[in-house]
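Here is the structure we will look at.
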Amino acid sequence: MMQLSVQLTTMAAMVISGIYLGAVRDTFQRMAWHWKQRTIFKYVMEISFWLVQTFVVYYVLFLVNYGELRMYIFLACLLGYAMYQALLAKLYRYVLEMLIKALKAIYRFIYNIIRTFIYIPIRFLVHTLIVCVLFLLQITYTIIRFCLKVVFFPLIWLAKVIYKHLPEKFKKIFPKFAGVYSRIKNIYSRIKHFFISRRRR
């Protein structure tokens with residue numbers, strides 16, 4: 001049989017546990033809109049919630065009287081829940097709403113700070129870097145193309161002149177290199193198209 005002091009401690013703990021259940025239930029109901037439309041998830045959350053609260057209350061009971069159950073324990077818990085609903089529910093719900101609003105305001109503040117001072121500058125720097133790289137590639141391509149024209153134009157002109165004066169038996173050799181020349185020309189066209197498309201963007 002439990003001592004009187006243990007019984008009183010147990011009753012006080014169960015009354016507090018009843019108040020705790022009322023507050024935590026209101027908190028759970030306030031957050032329930034997140035999964036209200038998901039029927040299966042809703043039932044899973046409800047069952048999980050009450051299993052966790054049962055474990056918490058029994059753990060408190062175990063700490064005060066080693067988990068020994070009596071009828072007055074349930075009555076004390078019910079009394080605490082009724083006291084919460086009658087005296088504390090409105091005040092707690094008001095405080096809960098204020099706390100949620102404060103947390104939302106803090107979240108928005110932190111989000112705006114991160115977006116303004118971190119995300120947007122980094123995005124701007126990355127965009128600027130990409131534009132600069134593409135610009136340098138375009139300049140490099142233009143310079144290389146100009147240099148190739150300056151270097152190879154006289155050579156091509158000279159090769160055409162020489163080709164016209166070659167004997168016919170030598171002219172028959174050059175068609176064999178037409179495939180290689182066409183491949184080089186295709187690669188050049190692809191590179192040119194790539195840089196032109198990048199510049200238009």
> Is there a chain of hydrophobic side chains (I, L, V, M, F, W, Y, each step under 4.5 Å between heavy atoms) that links Met45 to Tyr43?
Replying inline: no
>> Taking CE in Met98 as the centre, count heavy atoms belonging to other residues, nucleotides or ligands within less than 6.0 Å. Is the count above 12?
In response: yes
> Within a radius of less than 6.0 Å around CG of Leu136, do more than 12 heavy atoms belonging to other residues, nucleotides or ligands occur?
Replying inline: yes
>> Nearest 0.5 Å, please: how far is CE in Met14 from CG in Leu61?
In response: 4.5 Å
>> Run Ile73 and Asn65 through side chain to side chain contact (heavy atoms under 4.5 Å, CB included) and show every step you take.
In response: CA-CA 11 Å; Ile73 291 175; Asn65 72 350; 3.8 Å; yes
>> Walk me through whether Arg25 and Tyr81 qualify under side chain to side chain contact (heavy atoms under 4.5 Å, CB included).
In response: CA-CA 10 Å; Arg25 179 180 175 276; Tyr81 183 80; 3.7 Å; yes
>> For the OG1 atom of Thr140 and the CZ atom of Phe135, what is their distance to the nearest 0.5 Å?
In response: 10.0 Å
> Using 30° and 60° as the class limits, which term best fits the ring planes of Tyr84 and Tyr92: parallel, tilted or perpendicular?
Replying inline: perpendicular
> When rounded to the nearest 0.5 angstrom, what is the spacing between CZ in Phe74 and CG in Leu79?
Replying inline: 15.0 Å
> Can Leu134 and Gln138 be said to form a side chain to side chain contact (heavy atoms under 4.5 Å, CB included), step by step?
Replying inline: CA-CA 6 Å; Leu134 293 177; Gln138 178 65 30; over 6 Å; no
> Mind checking whether Tyr72 and Gln7 have side chains closer than 4.5 Å, heavy atoms only?
Replying inline: yes
>> Distance check, rounded to the nearest 0.5 Å: Trp50 atom CH2 versus Leu21 atom CG?
In response: 6.0 Å
> For the side-chain contact (heavy atoms from CB on, under 4.5 Å) test, which of Thr10, Thr9, Leu8 pairs with Val6?
Replying inline: Thr10
> Side-chain heavy atoms under 4.5 angstrom apart, residues restricted to Ile, Leu, Val, Met, Phe, Trp, Tyr: same cluster for Met83 and Val95?
Replying inline: no
>> Would you compute the distance between atom CZ of Arg93 and atom CG of Leu88 and round it to the nearest 0.5 angstrom?
In response: 11.0 Å
> Measuring from Tyr20:OH to Thr27:OG1, what's the distance to the nearest 0.5 Å?
Replying inline: 9.0 Å
> Are Leu78 and Val64 grouped together when hydrophobic residues (ILVMFWY) are joined by side-chain heavy atoms under 4.5 angstrom apart?
Replying inline: no
> Between Val60 and Ile16, is any pair of side-chain heavy atoms under 4.5 Å apart?
Replying inline: no
>> According to a hydrophobic-cluster definition based on side-chain heavy atoms being under 4.5 Å apart (Ile, Leu, Val, Met, Phe, Trp, Tyr only), do Phe49 and Val44 belong together?
In response: no
> Given the rule that I, L, V, M, F, W and Y join up when any side-chain heavy atoms are under 4.5 Å apart, are Leu51 and Val57 in one cluster?
Replying inline: no
